[in-house]
Amino acid sequence: MFNGKWIKAQEFCGGNTDIKNFYMKVKKAFVLKDIPSAAIKITADDYYKLYINGKYVGQGPAPGYDFAYNYNQYDITKYLKTGENLIEVTVYYQGLINRVFVSGDGKQGMIADIFFNGEFAFGTDESWIYCVDNSFISTRTVGYDTAFLEDRDLRIKASEYKVCVEAKKEYEFCAEPFPALEVYPVSVEPIVSDNKYFYDFKQEYAGNLSIKARSDTAGKKIIIRCAEELEENGRPRYKMRCNCDYEETCILDKGENLIEQFDYKAFRYAEIIADKGVEIDSAELLVRHYPFPENSAEIETNDEALKAVFDLCKNTVKYGTQEVFVDCPTREKGQYLGDVFISGFSHLILTKDYRMLKKAIENAAQSIKFSGEILAVSPCAHKQRIADYSLLFPLILWRYYGYTKDRDFLHKMLPVCEYICNYFAKFAAGDGLLNEVNTQWNLVDWPENARDNYDFDLSDPICAGRHNVINAFYISSVQSTERIKKELNIPFENESKALKESFNAAFFNEETQLYTDSEASIHSAIHSNMLPLAFDICPEEYKEKIADFLITKGMRCGTYMAYFYLKALCNAGRKQEAYNAIVSKSPNSWYNMIHEGATTCFEAWSKDGKWNTSLFHPWSTAPIIILFEELADTGDFSIICS
């Protein structure tokens, strides 16, 4: 796959796994008599930023397990010149166990191949040299050990350059390069007062700041604060609701200083507080996201509320899709399988680009090899298990096939579906329903206050007993696997029919004509009733009464589970009511987010809807899917797909 050698810092020889927040700056000079057509293939562990002749080229890779590692490829012709050229790569090793990288394992370094006119020219080897950037002095982290804050001391010079160490390649690389992020600047004029520089970028983005500052004396500092919202006094709320404290300090050297933050945050507002004698010459936001086409899907409608909700969701998908489908680009930055079910298909509908969703499905499948069982979030070092999400895998695959007709991929992933069904079947009672699924968290909905008083003890590990939601997801998993086998002409025993009968016998209350939360409960949460409708478990004669119940209750669920609420109404033939829910201005609505100033979807229906609400959460973008798949024939709007 690569002709070059894997190179790493000498500090990592001997399998050191204690190093954290390590910045290695690698360089290689070469001479050209004339300028060829040129390309570079490159990857690094954990992450790199590539520059040629001082100009930014790209960054990556998308996170991956070492047995399926991602890389990028760039045309670098325009960056070259006759005479001496310089390749520079900043390689970052984070060293934390979190949802972002497969890190904390002592694996560090990079590999690259350079091609001239289609032929291999040279690659990484021990002739490449590196230094260590020691100006990153922070030991503070944000979120769930998601990232190090970037406190800097620019007076600290980089180490002396050393020779890189050639290392054994402990990686298996993906067959194809993965698309690199789009990165571009957004600038606004600051409001300046008393050496405070305030920036409103008008939209919440994912990205990092690039600041140019001049100081009359070494040792003076600037304080950088970023925020999703403002305090009542108009200052950025940098101690954010989502458990991220976005305040960082940079100690300046004398003269001109360039502070280009390495990692990304999600924010709309920024404030720079400078010491006297310090001038901020410029500050721009370097926005980053997965490539998003200019001709992405749009909506045409006279309904201003619908247009506002669609645009809110579209912006969330655009800026929230990084090298994975992040649950939020602040607190976790992880790719949860449940979130993929919403943001992945929203992205596919908007862009017609299937590559990111295909990779997300593969990442979930790969997590089994990495951990021994399917993980809720992948690919990363953190091992979290959520039963509801695991059971979604076959449905995600089946729906992906519906869009792509990728029969080979369907066949390749079928064993994962079978594994999931078999994994959960070990919890089955005599009638096939699951009891006490205690090896994975039973989520139902999140946060807890969005569960509509679901009447079952969801302590982790779960208590004994059979509850509605996990069995509805299980039936969907079995049913989707059967559909896949039928499509591939693979014989199977129809188990889903009997499971549906068992479900209706166990959870349907003949007296109320509603589904209960568990066998031992008489309570009926909307979750217990929308899933049987959404997953075609509910017999035809029950649908109207249950749909009436859902409409009367309203969306007393979280923003993620709102998809299943809307899908249930559509399956019951109540499409107008589903449309009404999308454009509703009630407290539990997307328009309520807009009313509270949202430019990206919140994690909950309101800022105060959760104790640590992220104001940028792509799992809340279900309207895009429902509008496209279920409501496009209503006549109230049209979706324009180029």
Side-chain angles (χ1 to χ4, degrees), residues 17 19-22 43-48 59-71 91-109 141-148 170-174 178 181 206 242-244 262-266 288 290 320-341 343-344 356-390 392-393 396 416 440-441 443 446 614 617-619:
T17 59
I19 298 174
K20 293 178 174 59
N21 205 26
F22 185 86
T43 193
D45 195 343
D46 294 324
Y47 205 74
Y48 73 83
Q59 62 190 64
Y65 299 115
D66 57 14
F67 54 83
Y69 211 69
N70 292 293
Y71 67 94
V91 178
Y92 178 57
Y93 175 81
Q94 190 190 68
L96 298 173
I97 304 299
N98 58 27
R99 297 160 175 83
V100 185
F101 298 118
V102 185
S103 193
D105 53 5
K107 291 184 177 180
Q108 181 267 353
T141 61
V142 294
Y144 297 135
D145 263 356
T146 302
F148 281 97
E170 300 178 276
Y171 304 83
E172 296 175 30
F173 298 104
C174 296
F178 196 69
L181 296 175
C242 64
N243 191 34
C244 290
F262 189 88
D263 204 353
Y264 75 95
K265 302 175 177 67
R288 50 171 274 170
Y290 181 83
T321 305
Q322 295 296 315
E323 285 141 325
V324 295
F325 292 114
V326 294
D327 67 324
C328 64
T330 50
R331 186 180 58 237
E332 285 129 323
K333 298 184 178 180
Q335 181 173 257
Y336 278 85
L337 188 55
D339 298 56
V340 166
F341 184 74
S343 56
M356 178 63 81
L357 181 53
K358 183 176 183 179
K359 182 178 76 68
I361 295 170
E362 289 180 307
N363 291 155
Q366 292 157 357
S367 74
I368 301 171
K369 180 177 179 179
F370 175 70
S371 71
E373 60 182 302
I374 191 165
L375 298 179
V377 55
S378 62
C380 63
H382 179 70
K383 297 179 181 179
Q384 186 174 4
R385 300 160 180 85
I386 301 176
D388 315 50
Y389 290 2
S390 300
L392 270 175
F393 183 93
I396 293 172
V416 181
Q440 299 198 1
W441 182 21
L443 182 70
W446 196 250
S614 153
H617 228 80
W619 82 345

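Treat the numbers as computed from the prediction; the structure is a model and nothing was measured. Any value given below was found using the heavy atoms of this structure, including those in side chains, with hydrogens, waters and symmetry copies removed. Nothing fancy with the numbering, it's 1 onward along the sequence.
Partners of Asp105 according to the side-chain hydrogen bond (donor to acceptor under 3.5 Å, both in side chains) rule, which considers only residues two or more places apart in sequence or in another chain, do not exist here. Residues forming a side-chain contact (heavy atoms from CB on, under 4.5 Å) with Lys383 (at least two apart in sequence, or on another chain): Phe370, Ser371, Leu375, Arg385. Scored by the side-chain hydrogen bond (donor to acceptor under 3.5 Å, both in side chains) test, Asp46 finds Ser103 as partners (sequence neighbours excluded). In this structure, the side-chain contact (heavy atoms from CB on, under 4.5 Å) partners of Ala365, at least two apart in sequence or on a different chain, are Phe393, Met413, Val416. When the side-chain hydrogen bond (donor to acceptor under 3.5 Å, both in side chains) test is applied to Ser390, the partners found at least two apart in sequence or on another chain are Gln440. For Tyr290, the ring-ring contact (aromatic ring centres under 6.0 Å, His included) partners two or more places apart in sequence, or in a different chain, are Phe178, His347. Every residue two or more places apart in sequence or in another chain that forms a side-chain contact (heavy atoms from CB on, under 4.5 Å) with Ala360 is listed here: Phe325, Gln335, Val340. Applying the side-chain hydrogen bond (donor to acceptor under 3.5 Å, both in side chains) test to Asn70 and every residue at least two apart in sequence or in another chain returns nothing. Trp441 pairs by the ring-ring contact (aromatic ring centres under 6.0 Å, His included) definition with Trp446, not counting sequence neighbours. Under the ring-ring contact (aromatic ring centres under 6.0 Å, His included) criterion, Tyr92 pairs with Tyr23, Phe262, sequence neighbours left out.
Note on residues 326-339: pairs passing salt bridge (Lys or Arg N to Asp or Glu O under 4.0 Å), not counting sequence neighbours, are Asp263-Lys333, Arg331-Glu603.
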Name the atoms and distances for all side-chain donor-acceptor pairs under 3.5 Å in residues 62-69, with sequence neighbours left out.
| from | atom 1 | to | atom 2 | distance (Å) |
| --- | --- | --- | --- | --- |
| Asp66 | OD2 | Lys107 | NZ | 2.3 |
| Tyr69 | OH | Ala44 | O | 2.7 |

